[in-house]
*Asks:* 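If you scroll down you'll find the structure; I have some questions about it.
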Amino acid sequence: MTPDQLSSAIAACLRDAVAAGDFEVDVPSEVRVERPKSREHGDWATNIALQLGKKAGLPPRRFAELLADRLAGIPGVESVDIAGPGFLNIRLDAAAAGELARTIVEAGEAYGTNEALAGHVVNMEFVSANPTGPLHIGHTRWAALGDSIARVLKASGAEVTREYYINDAGNQMNIFALSVYNRLHGLPVPDGGYPGEYIRELGDQVLRAHPGIRELTLEAAIPVIRQLAYEAQLKDIKATLADFGVEFDVYYSELELHSTGAVEDAVDRLREQGHVDDVDGAVWLRTTDFGDDKDRVLIRANGEPTYFAADAAYYLSKKDRGFEEKIYLLGADHHGYVNRLKALAAAAGDDPERNIEVLIGQLMSVNGAKLSKRAGNIIELRDLIQWLGADALRYSLGRYPADSPMTIDPELLKRNTNDNPVFYVQYAHARSRAASVNAEEKGVRRSVFDASLLGHETENELLSHLGRFPSVVAQAASFREPHRVARHLELVAGAYHRWYSSCRVAPLATEPVEDVNRTRLWLNDATSQVLANGLGLLGVSAPEKM
RNA sequence: GCCCUCGUAGCUCAGGGGAUAGAGCGUCCGCCUCCGGAGCGGAAGGUCGAAGGUUCGAAUCCUUUCGAGGGCACCA
């Protein structure tokens, strides 16, 4: 029995009790069952009596007493105890608990998916690094986290589009092009320009694509260089993201917003909504109507649109493309944007509480990371991947919530012991695969499944962690916190190791294969499946061997 | 000055109203005659930054306060 099944069975009991006149209360749509911290408190516990007792006009303990007998009648429930102020502690019989192992094996990769966010149409924008240089440490955390959030959202039934906004418009593109131009002509880096060896590499690529580029005048060369160098740099960014296991569905060009007139349209549309003012020759969006601390300029007095105007057009594009929920992942250094983005959504006629969500993450650092000379003394993502491995990096970034600053310790990540959580979890997976192979070599097959044979204490613990996996995924999705998945995998891995050390899958050489071995193979394989599914959500591989 | 985030074990951190606040590391003590010891079992370690409040119950929610980090462009 899965916790979800238990939870709906309890809700049914509540409805029965109300129908029988035991008490008068509105039955909530969802009854939460929790894993008690102490094993003495049973397999599952619910505080429903504490929540509803008052509403029913009964002391919680009395409410619990009225419910307990009905709960005890649920098939698969062995016993129900009332504890403390009115907790209901539920113990399942071994067969009901063990049935889960078969459920998981049969569900395979689908185990853990759920419908918590079914019907949600989500646009997730993250990374969006300027195409003027390689990805660096500042983009790393959001690449990992954004991708994992997208994965848990999808696993929970949401329709998700991962989107990368390319800032290919502003003046930085001209400076970028000029930096390459100067490099091609052996001139120094321009004021505010981009240093670093990669500019020379880009110059080489531009030269290959356009051998006569050096002969062109500055005015003629810049647009050509800008385009070629931009394409080469974007390709490089995509390649690095691919190495990191991150794929975007849409790369959205800021330049297109300008060239197609979308920016002007956006200003007009906002004006129609009645939130635009003309002051001192500039066009302003009255974001203070919606909680921003000052109004924002859309079109400067010189007629040039601001970056914010493009943001507005981009937001409207997302809205027009049918995205109900627009999630932005920004670094803490951009948190000043939150209010104006929300105000923008409101000015566009959206509900800032529902249609837009801005996730702010704190910055990260890596102890002892080498600065990249080729990129101008920044720490490149490409180098981090090569140094630490994509798996270790993805997992480390995935196991912390976004809102606390973090420091990565490379010495730890390179260690193959269980203070390195990625190894701990991957090891458990590899070990379970090895155990499975070994068992099959000894003649153990999943030909028999008798859940009542899974009665060992460690099996009970392991099963309960496996059973909670789908709700952990659902929670990770609704809180946008994939680290919950990582933490849960660590619990599963720990429970697996404990089980492994007290219950053999394959029999000893001197003993015959019995049903208990066959049944345990199901549990073993169910564990592999959960670990693999969970690691997949984090973008981390689940190795067969290490 | 205003705004946002964070203060939990020696360290790195979980904990989104519930029972005796958890995990890993580090420290100490144990466990390999057969499926991966890259593991497992146990011990020690806490005024949850502080003070009020909300209620049956607060690390969790609210207010104040102290400390750390970040942000407040007609830049992109």
*Asks:* Could you check A/D295 against A/A509 and say which one's nearest nucleotide on RNA chain B is further toward the 5' end?
*Replies:* A/A509
*Asks:* May I ask you to say what A/E441 touches in the nucleic acid, namely base, sugar-phosphate or nothing, with a heavy-atom cut-off under 4.0 Å?
*Replies:* nothing
*Asks:* Would you kindly compare A/Q362 and A/V279 by the position of their nearest RNA chain B nucleotide and give the one closer to the 5′ end?
*Replies:* A/Q362
*Asks:* Determine whether the aromatic ring of A/F87 stacks with the base of B/A19, defined as ring centroids separated by less than 5.5 Å and ring planes inclined by less than 30°.
*Replies:* yes
*Asks:* Looking at every strand, decide which applies to A/E544 at a 4.0 Å heavy-atom threshold: base, sugar-phosphate, or nothing.
*Replies:* base
*Asks:* What is the nucleic acid contact for A/N524, judged by heavy atoms within less than 4.0 Å: base, sugar-phosphate only, or nothing?
*Replies:* nothing
*Asks:* Check whether any side-chain N or O of A/R394 sits under 3.5 Å from a backbone N or O of A/L538 as a donor-acceptor pair, and report yes or no.
*Replies:* yes
*Asks:* Taking any heavy-atom pair under 4.0 Å as a contact, classify A/L508: base, sugar-phosphate, or nothing.
*Replies:* base
*Asks:* When both hydrogen-bonding distances must be under 3.5 Å and the geometry is Watson-Crick or G-U wobble, what is B/A38 paired with, if anything?
*Replies:* none
*Asks:* Within the 4.0 Å heavy-atom criterion, would you say A/A332 contacts the bases, only the backbone, or no part of the nucleic acid?
*Replies:* sugar-phosphate
*Asks:* When the distance from CG of A/D293 to C1' of B/C2 is rounded to whole Å, what number comes out?
*Replies:* 8 Å
*Asks:* So, is B/C31 syn or anti if syn means the angle is within 90° of 0?
*Replies:* anti
*Asks:* With P as the reference atom in both, quote the distance from B/G15 to B/A23 in angstrom, rounded to an integer.
*Replies:* 15 Å
*Asks:* Is the distance between the ring centroids of A/Y427 and A/H497 under 6.0 Å?
*Replies:* yes
*Asks:* Rounded off to whole Å, could you give me the CG-to-P distance for the A/L341 and B/C4 pair?
*Replies:* 16 Å
*Asks:* Just compare B/G36, B/C13, B/G18 and give me whichever is closest to any side-chain atom of A/P401.
*Replies:* B/C13
*Asks:* Regarding A/R487, tell me which of base, sugar-phosphate or nothing describes its non-hydrogen contacts under 4.0 Å with the strands shown.
*Replies:* sugar-phosphate
*Asks:* Using whole Å, report how far CG of A/L330 lies from C1' of B/C72.
*Replies:* 15 Å
*Asks:* Under 4.0 Å, heavy atoms only, any strand: does A/L491 hit a base, just the sugar-phosphate, or nothing?
*Replies:* nothing
*Asks:* Indicate, with a heavy-atom threshold strictly under 4.0 Å, whether A/A45 touches base, sugar-phosphate, or nothing.
*Replies:* base
*Asks:* At under 4.0 Å between heavy atoms, what does A/M173 touch on the DNA or RNA strands: base, sugar-phosphate, or nothing?
*Replies:* nothing
*Asks:* Within the distance-only criterion (no hydrogens, no angle test), does the side chain of A/S436 pair as donor or acceptor with the backbone N or O of A/R433 below 3.5 angstrom?
*Replies:* no
*Asks:* Could you tell me which nucleotide pairs with B/A44 by Watson-Crick or G-U wobble geometry, both distances under 3.5 Å, or answer none if nothing does?
*Replies:* none
*Asks:* Answer with base, sugar-phosphate or nothing: what part of the nucleic acid does A/K294 contact at a heavy-atom distance below 4.0 Å?
*Replies:* sugar-phosphate
*Asks:* Is a side-chain N or O of A/D292 found less than 3.5 angstrom from the main chain of A/N339, in a donor-acceptor match?
*Replies:* no
*Asks:* Is it the case that the base of B/G16 and the side chain of A/R484 share a donor-acceptor contact (distance under 3.5 Å, atom types as modelled)?
*Replies:* yes
*Asks:* B/G15 phosphate, OP1 or OP2: any side-chain N/O from A/H483 under 4.0 angstrom?
*Replies:* yes
*Asks:* Rounded to the nearest angstrom, tell me the gap between atom CZ in A/R296 and atom C1' in B/C3.
*Replies:* 11 Å
*Asks:* Should B/C2 form a Watson-Crick or G-U wobble pair with both distances under 3.5 Å, which nucleotide is its partner?
*Replies:* B/G71
*Asks:* Is the distance from OP1 or OP2 of B/C13 to the nearest side-chain N or O of A/R399 less than 4.0 Å?
*Replies:* no
*Asks:* For A/P507, answer base if it contacts any base atom (sugar-phosphate contacts may also be present), sugar-phosphate if it contacts only those atoms, and nothing otherwise; contact means non-hydrogen atoms under 4.0 Å.
*Replies:* nothing
*Asks:* Does A/K342 have a side-chain nitrogen or oxygen under 4.0 Å from the phosphate oxygens OP1 or OP2 of B/C4?
*Replies:* no
*Asks:* Test the A/K318-A/Y328 pair against the cation-pi criterion, namely NZ or CZ under 6.0 angstrom from the six-membered ring centroid and within 45° of the ring axis.
*Replies:* yes
*Asks:* Please give me the minimum heavy-atom distance between A/A430 and A/M546, naming the atom from each residue.
*Replies:* CB-CG, 3.8 Å
*Asks:* Does A/Y400 reach a base, just sugar-phosphate, or nothing at all? Heavy atoms under 4.0 Å.
*Replies:* sugar-phosphate
*Asks:* Could you tell me the separation between the OH atom of A/Y427 and the P atom of B/A38, rounded to a whole number of Å?
*Replies:* 6 Å
*Asks:* Is A/Y496 side chain donor-acceptor paired with the B/C35 base, going by distance under 3.5 Å alone?
*Replies:* no
*Asks:* Is there a donor and acceptor pair, one atom on the side chain of A/N47 and one on the base of B/G18, closer than 3.5 Å?
*Replies:* yes
*Asks:* Hey, is the main chain of A/R498 close enough, under 3.5 Å, to the side chain of A/S501 for a donor-acceptor pair?
*Replies:* yes
*Asks:* Whole-Å distance between B/C74 P and A/I299 CD1?
*Replies:* 14 Å
*Asks:* Base of B/A76, side chain of A/D311 - is there a donor-acceptor contact under 3.5 Å?
*Replies:* no
